[in-house]
There are 2 protein chains.
Amino acid sequence: MSVRQRAKRRAPARSESERQAKLQTILDAALDIFLEKGFADARLDDVAARAGVAKGTLYLYVPSKQALFEALVRSGIGGPVRAIEQKVPDPDISAEDQLRGLFLFLRTEILGTRRRDIVRLLLMEASRFPELAEVYHREVIVRGLRILRCIAERGVARGEFRSDEIARFPQLAIAPALVALLWTSLFQRFDPIDIEAMLEAHLMLLMKALKGHPS
Amino acid sequence: MSVRQRAKRRAPARSESERQAKLQTILDAALDIFLEKGFADARLDDVAARAGVAKGTLYLYVPSKQALFEALVRSGIGGPVRAIEQKVPDPDISAEDQLRGLFLFLRTEILGTRRRDIVRLLLMEASRFPELAEVYHREVIVRGLRILRCIAERGVARGEFRSDEIARFPQLAIAPALVALLWTSLFQRFDPIDIEAMLEAHLMLLMKALKGHPS
DNA sequence: GTACACTGACTGTCCAGTCAGTCATTTTGC
DNA sequence: GCAAAATGACTGACTGGACAGTCAGTGTAC
């Protein structure tokens, strides 16, 4: 009885994969807490509790609260952009379908997942972490906009699109996704909108504008 | 000499207008500090120093740090929406020109002023102040979207617009303004874009899409 | 028996909010 | 007129609590 008194203790995470798994547990917990309270108000005691470890353990995986935040953000960016970069060069697909594919990807791989929350957290804290803002800009924004511009330019070159606004300002094409992101976290609770239908409407508008025919 | 030793002391602010002026000084200082550090990291000592008063004085104008933040946000919203609501009902102006007027107003009265920073601050902190998010939604978002929807519906009713997407999702029309707001504060520093040209391009796209002709 | 992942009580710092005190100005008493 | 007393806006040193980061100690695996 006395031997079993104190609950089973996890085996020490020796192997690299066990270490990575535990780090991920900590990052997941940190995301929850940071989302709920914001960076400054988040307590590492709470992060530790949610991850099921003691506070000291956090410092075996991450050297400071700020580093924890940065690790969290870095773990959530980059992957999807690479995935898209591979799919885009296909020249058999019309620019329209490429844009549609991109939006589908956005919806299912970002807006519909935990990554959405990471992006939101980043947007909220970025002005206090200029270095992180720069990383995100370089690794995600620049590359994402390049893809969009590439699609738009090809559309123009083939005569599929008659307008070059998206090639000049690819930001315009993803702006509604940003609205969707923020609306979801701020207002959806008391004024729900159908995000999917909104993005669909945006695509329709965009196609009408780019192709220059009446529907 | 000994009499003049200590600098002139402000005369006590007795009248209501003097009190309001000092409150405004404090709110301005608070906006600077909150923008720089975020709500949680902002120190009231710094706010007081920037406003040129002692910390205790803040508490003669505002009961708590949170109340200071709320007063700051409330002081910056509402005004412009009312101004627009008065201008819109004019039926002599085409829907297109109404939209253009709205965007001009956005650029000059919000994106080009201190209000932009208040909105940014609000967006960043809103998830930690749900009540404030609700006030902002009710006082600004709902009313702003109503105006947009109204313009879009009139455009459709007159046959000026052939698409109803903006009437269904007025958010789509202002999405680029949100991008402009965030880009300015996060990335403009190392990747400047021409906000005005971007909003102009958005209007062109929107018009092409709504009117359904080639340019 | 030792190496090492893990623990959690502890420490030093930071800051929101307080309040006894200061000092122009106004009012009262003569 | 003028001194003394009252007023109240303003001050800033102080307090109490909170929390990031530490480290001596514990238990487990091998």
Legend entry - Interatomic distance where CG belongs to A:Leu23 and C1' belongs to C:dA5 [whole Å]: 15 Å
Inset, instruction - Starting at atom CZ of B:Arg19, determine the distance to atom P of D:dA9, rounded to an integer number of angstrom. - result: 8 Å
Inset, instruction - Please figure out whether A:Pro63 or B:Leu58 has its closest DNA chain D nucleotide nearer the 5' end. - result: B:Leu58
Legend entry - Proximity to DNA chain C (any heavy atom under 4.0 Å), residues of residues 40-50 of chain B only: B:Ala42, B:Arg43, B:Leu44
Legend entry - B:Lys55 side chain, from C-beta outward: closest of C:dT7, D:dT11, D:dA13: D:dA13
Inset, instruction - Sequence neighbours left out, what passes ring pair (Phe, Tyr, Trp, His ring centres under 6.0 Å) with A:Tyr59? Give chain and number order. - result: none
If you look only at distance, which donor and acceptor atoms sit under 3.5 Å apart when one is on a side chain in residues 187-199 of chain A and the other is two or more places apart or in another chain?
residue	atom	partner	partner atom	Å
A:Gln188	OE1	A:Ile193	N	3.3
A:Gln188	NE2	A:Ile193	O	3.1
A:Asp191	OD2	B:His137	NE2	2.8
A:Asp194	OD1	A:Glu196	N	3.1
A:Asp194	OD1	A:Ala197	N	3.0

Legend entry - 5'-most by nearest nucleotide on DNA chain D - B:Leu60 or A:Tyr59: B:Leu60
Legend entry - Atom-pair distance (CD on B:Glu18; C1' on D:dC10), nearest Å: 14 Å
Legend entry - Qualifying salt bridge (Lys or Arg N to Asp or Glu O under 4.0 Å) pairs, either residue in residues 77-87 of chain A, two or more places apart: A:Glu85-A:Arg143
Inset, instruction - Give one of base, sugar-phosphate or nothing for B:Lys65, where a contact means two heavy atoms less than 4.0 Å apart. - result: sugar-phosphate
Indicate every side-chain donor-acceptor pair of residues 26-36 of chain A with a distance under 3.5 Å to a residue at least two apart or in another chain.
residue	atom	partner	partner atom	Å
A:Asp28	OD1	A:Gln24	NE2	3.3
A:Asp32	OD1	A:Arg114	NH2	2.2
A:Asp32	OD2	A:Arg50	NH1	2.9

Legend entry - B:Glu96 and B:Arg100 ion-paired at < 4.0 Å: yes
Inset, instruction - For the side chain of B:Val53, starting at C-beta, report the closest nucleotide among D:dT11, C:dA16, D:dA20. - result: D:dT11
Inset, instruction - May I have the distance from B:Phe69 (atom CZ) to C:dA16 (atom P), rounded to whole angstrom? - result: 15 Å
Inset, instruction - For A:Gln171 and B:Val179, indicate whether the former's side chain and the latter's backbone hold a donor-acceptor pair under 3.5 Å. - result: no
Inset, instruction - Please report, rounded to the nearest Å, how far the C1' atom of D:dA20 is from the CZ atom of A:Phe39. - result: 10 Å
Legend entry - Length of the line joining B:Ile33:CD1 and C:dC15:P, which is rounded to integer Å: 12 Å
May I have the list of side-chain donor-acceptor pairs in residues 41-49 of chain A shorter than 3.5 Å, sequence neighbours left out?
residue	atom	partner	partner atom	Å
A:Arg43	NH2	A:Asp46	OD1	3.1
A:Arg43	NH2	A:Asp46	OD2	3.1

